[in-house]
Amino acid sequence: PAPAPCNPSHFMKGAIIQLATGELKRVEDLQTQDFVRSAEVSGGLKIDSSLVMDIRGSQQRPGLVSLHFTVGEQQSKVTIDVPPEHPFFVFGQGWSSCSPERTAQLYGLACHHLQVGDMCVSITLQQQP
Amino acid sequence: VPVFPWHSLVPFLEPSQSG
């Protein structure tokens, strides 16, 4: 039997998401501009582009996937371990995961297949001048 | 109906990490 995954319900199809503008949207209706505008008005948060460099099974945590990113203008290398069904938002494409089938099963959220070369939306703290 | 903030949907990736 599969272990019960941690299912953040904000990825469930139909989940209501509040943008920084105050606007409410369903998670499946979000578009790139919603993230970009939200970051602009949020004050303190900044959208970064995180390029997927490599996708492989996690060495430390079986069942998880290690995603290797280069983040932002500095192209810092960051690796995170996530369940294969975890959705990421790809610029100009929308929700994408390593296992769109599992994402559909667990969340009902339609996803593209996340691939090396995809540019994901991530957030970071805005640099104070 | 629960409402979730937009920033809970995308990863917080700290670009200041060296490497």
Side-chain angles (χ1 to χ4, degrees), chain A residues 8-12 14-28 30 32 34-39 41-42 44-51 67-82 86-91 95 109 120-127, chain B:
Chain A
S9 50
H10 49 270
F11 288 127
M12 294 292 289
I16 305 295
I17 307 300
Q18 182 163 39
L19 306 180
T21 56
E23 190 182 352
L24 299 176
K25 278 200 167 188
R26 286 190 293 258
V27 62
E28 65 269 24
L30 290 173
T32 304
D34 294 323
F35 290 101
V36 172
R37 272 198 217 103
S38 281
V41 303
S42 69
L45 289 177
K46 180 168 89 82
I47 292 284
D48 259 338
S49 306
S50 293
L51 180 63
L67 293 174
H68 298 253
F69 291 102
T70 56
V71 180
E73 293 171 3
Q74 299 169 341
Q75 309 227 311
S76 316
K77 294 190 174 109
V78 176
T79 300
I80 57 175
D81 286 353
V82 297
H86 188 95
F88 291 86
F89 200 91
V90 174
F91 281 95
W95 293 113
L109 185 67
C120 296
V121 173
S122 67
I123 52 173
T124 188
L125 290 178
Q126 196 158 32
Q127 298 281 340
Chain B
V1 178
V3 176
F4 302 95
W6 69 276
H7 52 78
S8 67
L9 297 172
V10 286
F12 183 91
L13 299 181
E14 186 55 68
S16 63
Q17 294 174 28
S18 62

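The sequence lines fix the lettering, A, B, ..., with proteins before strands; numbering per chain opens at 1.
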Point to revise | Distance in Å, A:Glu23 CD paired with B:Trp6 CH2, rounded so as to fall on 0.5 Å steps | key: 13.5 Å

Review point. Under a 4.5 Å heavy-atom cut-off, does chain B meet the side chain of A:Ser42, its backbone, both or neither?
Key: side chain

Review point. Looking at residues at least two apart in the chain, or sitting in another chain, which of them share a ring pair (Phe, Tyr, Trp, His ring centres under 6.0 Å) with A:Phe35?
Key: A:Phe89

Exercise for review: For A:Ser122, check side chain to side chain donor-acceptor pair (under 3.5 Å) against everything at least two apart and list the hits.
Suggested key: A:Ser50

Check your understanding: Got A:Val27 and B:Leu9 here, is their nearest side-chain heavy-atom distance under 4.5 Å?
Key -> yes

**Study point:** Result of checking A:Ile123, A:Thr79, A:Ile80, A:Asp48 against B:Leu13 for side-chain contact (heavy atoms from CB on, under 4.5 Å)
**Key:** A:Ile80

Exercise for review: Quick one: pull up CD1 in A:Ile16 and CZ in B:Phe4 and give me the separation to the nearest 0.5 Å.
Suggested key: 9.5 Å

Exercise for review: To the nearest 0.5 angstrom, please state how far the NE2 atom of B:His7 sits from the CD1 atom of A:Ile17.
Suggested key: 10.5 Å

